[in-house]
Amino acid sequence: MTSLTELIPAPLSVSTWGERVFVLDEDTTLTAGPGVGSAERWLRTTLQAATGLPLREGEPGPSGRAAENAIELRHDHHLPPEAYRITIRDDRALIVGGDPAGAFAGAQTLRQLLGPDAFRRARLGRAAWELPEAEIQDRPRFRWRGLMLDVARHFMPKEGVLRYLDLMAAHKLNVLHFHLTDDQGWRIEIQRYPKLTEIGSWRARTKIGHRASPLWDDRPYGGHYTRDDIREIVAYAAERHISVVPEIDVPGHSQAAIAAYPELGNSDVVDTASLTVWDTWGINPNVLAPTDNTLRFYEGVLEEVLELFPADAGPFSPFVHIGGDECLKDQWRESDAAQKQIGNLGLPDEDALQSWFIGHFDKWLAARGRRLIGWDEILEGGLAPGAAVSSWRGYSGGVAAARAGHDVVMCPQQYVYLDYRQDAGPDEPVPIGYVRTLEDVYRFEPVPSELTGEEAARVLGTQANVWTEVMEDQGRVDYQTFPRLAALSEVAWSDLPAPADRDFAGFERRMTAHYRRLDALGVAYRPPTGPLPWQRRPGILGRPIDGPPPHQ
Ligand code: ACM
């Protein structure tokens, strides 16, 4: 059993009346009322596997209480969306959710209460399964609680993505921002453009470490998700109340697409027919040609994306991320075709051309009942009216967007870029960027104080971003992501005080229990004492930045 004070993310309130426990046994039933189906399926499957108990379907209990020796899930529309209440008394555990997502969050909390062995996939055979008598009331602070996975720089096979969805659900996170395309790889099958994956999903070799490193991995590298893989991922996520927001990055970060279809590039400036999928890291000058042909091509891509990521799969499923970040404009300046397009459209400059490009897809998506979200560069040259912004270059883009009435997801690189190193020590593997410790993430505040209440309401929430240039496999992704994602989950879910007043020592204490859960889940997190010998990467060049990051 886990102590009530060891839950992560911390619930809103916990009250208890003594030391008694409800001991589950062979006769304990698991029952669900209408409207909580997914929570029941998940809880029964998970707990049957971990406990070895049958957890048969039982009769519902009386009003306000579960039946005897029963776990019961119910819906109560008096509770807000995503909220839940757990009441454990005598041998009765009642989980009441304001909606199915709330019941699911409550089920996740119940698993934590059963102790770390409840996170295993089979029974160890020694535990007594006990729930502490208590009442827990809980609800999230933010609606958007996300993780961005970059599966373009290094591919995460489908099984790994499903595993990450489970890890997200265990931390009450509900948005997977799925970065599917970049210069180094195109990872989603598009039927009408097969070369996107035939050519664009693999590269001949890969830079090992920071781009200044002399090392190469000379093995061909690649992978992509088929249409059915994507459908499976979206359905698996939906069953866990996670919305998957696909990112198709335009007009920068597009060399893999140009390598597959050279006409997408600025072929009057560079020989796009000789471009290959990029094998190193950095900001790439080979951006899409701002032509009508390119627009039509990506409309074709997005038509298939909309089919594979249906709008009704979760609360944020209407969103499609179109990137918009780091689009170097040099080729557009040099290209006669791009300059002619600027003239034809009556635009002042290249920034306005990017704005036209993004605005086109904003209208295109809106006409199909969908919403555009992009990185904060989409603010440059005028932001399309319905668009939402992922604020990554500090807070300022998010502040400007919120003031202009746009929805915002706060993910400033200074706090929640999990590719940044976790410690200043020499043993950190391939150290990149500023030192961003577990405590730094714990003290991250998604809502900047300069926003008014009305503007602050535009902050949908927050997410951590996992860029994978130097994360070549699941172990490296785990190491960079955990334990910091646990801190992010508490920032996103719990009602924390102002950053300076947050009880980090208390969080670290709770993490002691949480590390046991992560162990049971098989997560290769960074231990508090530093990397294990095989988690180091001696001899591989990183690019650490010294000193504290700028606040804004
Ligand atoms: C980004 O980090 N380029 C969004």
Side-chain angles (χ1 to χ4, degrees), residues 144 146-154 175-187 207 210-211 245-257 278 280-288 319-330 351 354-355 357-358 361 372-381 383 387-401 406-421 430 432-434 436 441 444 446 460-471 477 480-481 484 488 542-543 545 549-550 552:
W144 180 301
L147 173 68
M148 189 218 72
L149 278 180
D150 166 15
V151 296
R153 272 52 176 270
H154 281 101
V175 182
L176 172 64
H177 171 171
F178 207 17
H179 185 79
L180 286 164
T181 71
D182 217 302
D183 301 302
Q184 296 87 356
W186 182 284
R187 305 285 174 222
K207 173 64 65 181
H210 183 257
R211 63 178 172 275
V245 174
E247 180 180 352
I248 304 294
D249 203 341
V250 293
H253 290 278
S254 296
Q255 183 161 319
W278 211 20
T280 187
W281 320 120
I283 304 181
N284 187 307
N286 295 307
V287 304
L288 296 175
F319 279 99
V320 175
H321 205 292
I322 47 65
D325 56 321
E326 298 176 322
C327 177
L328 296 177
K329 309 290 187 322
D330 304 271
D351 279 347
Q354 155 132 348
S355 178
F357 196 101
I358 300 296
F361 288 108
L372 180 147
I373 182 166
W375 300 108
D376 56 55
E377 286 94 331
I378 68 172
L379 290 159
E380 289 160 12
L383 179 53
V389 167
S390 308
S391 187
W392 74 278
R393 296 178 300 176
Y395 287 99
S396 52
V399 168
H406 296 275
D407 286 339
V408 174
V409 176
M410 277 292 180
C411 48
Q413 57 181 333
Q414 300 91 324
Y415 285 96
V416 292
Y417 268 38
L418 301 187
D419 51 334
Y420 286 7
R421 62 199 168 126
V430 206
I432 299 288
Y434 300 106
R436 299 285 77 195
V441 176
F444 163 55
L460 295 174
T462 182
Q463 66 180 36
N465 294 341
V466 177
W467 299 105
T468 59
E469 287 93 334
V470 299
M471 298 173 213
V477 174
Q480 294 299 130
T481 305
R484 291 181 294 182
L488 188 276
R543 194 183 66 128
I545 307 173
Q552 282 298 333

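When a ligand or atom number is given, it counts from 1 through the structure's own listing order. Residues: numbered from 1 along the sequence shown.
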Original post:
Parallel, tilted or perpendicular: which describes the rings of His179 and Trp467, with under 30° parallel and over 60° perpendicular?
Top reply: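 Answer is perpendicular, since the angle exceeds 60°.
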**OP:** Return the minimal non-hydrogen interatomic distance between Val408 and Gly398, and the atom names on each side.
**Re:**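 In terms of heavy atoms, the two residues are closest at CG2-O, 3.4 Å.
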Original post:
Any idea which heavy atoms bring Met148 and Gln463 closest together, and the distance?
Top reply: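 Answer, listing the atom of Met148 first, then Gln463: CB-NE2, 3.8 Å.
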Subject >> Steps toward side chain to side chain donor-acceptor pair (under 3.5 Å) verdict (Glu377, Trp392) >> reply: CA-CA 9 Å; Glu377 286 94 331; Trp392 74 278; 2.9 Å; yes
Subject >> Numbering as shown, the atoms of ligand 1 that approach Trp467 to under 4.0 Å (heavy-atom distance) >> reply: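 The atoms of ligand 1 under 4.0 Å from a heavy atom of Trp467 are 1 (C), 2 (O), 4 (C).
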Original post:
Does the N or O separation between Trp392 and ligand 1 drop below 3.5 Å for any pair?
Top reply: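 No.
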Original post:
Would you say His253 and ligand 1 have an N/O pair spaced under 3.5 Å apart?
Top reply: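 So ligand 1 has no N or O lying under 3.5 Å from an N or O of His253.
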Original post:
To which of Asp325, Asp376, Ile283 does the heavy atom nearest atom 3 (N) of ligand 1 belong?
Top reply: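 Among Asp325, Asp376, Ile283, the closest heavy atom to atom 3 (N) of ligand 1 comes from Asp325.
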Original post:
With no hydrogens and no angle check, is any side-chain donor or acceptor of Thr468 less than 3.5 Å from a backbone partner on Asp150?
Top reply: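 Checked: pair present.
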Subject >> Taking atom 2 (O) of ligand 1 as the reference point, the nearest protein heavy atom with its distance >> reply: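 Among all protein heavy atoms, the one nearest atom 2 (O) of ligand 1 is Tyr417 OH, 2.6 Å.
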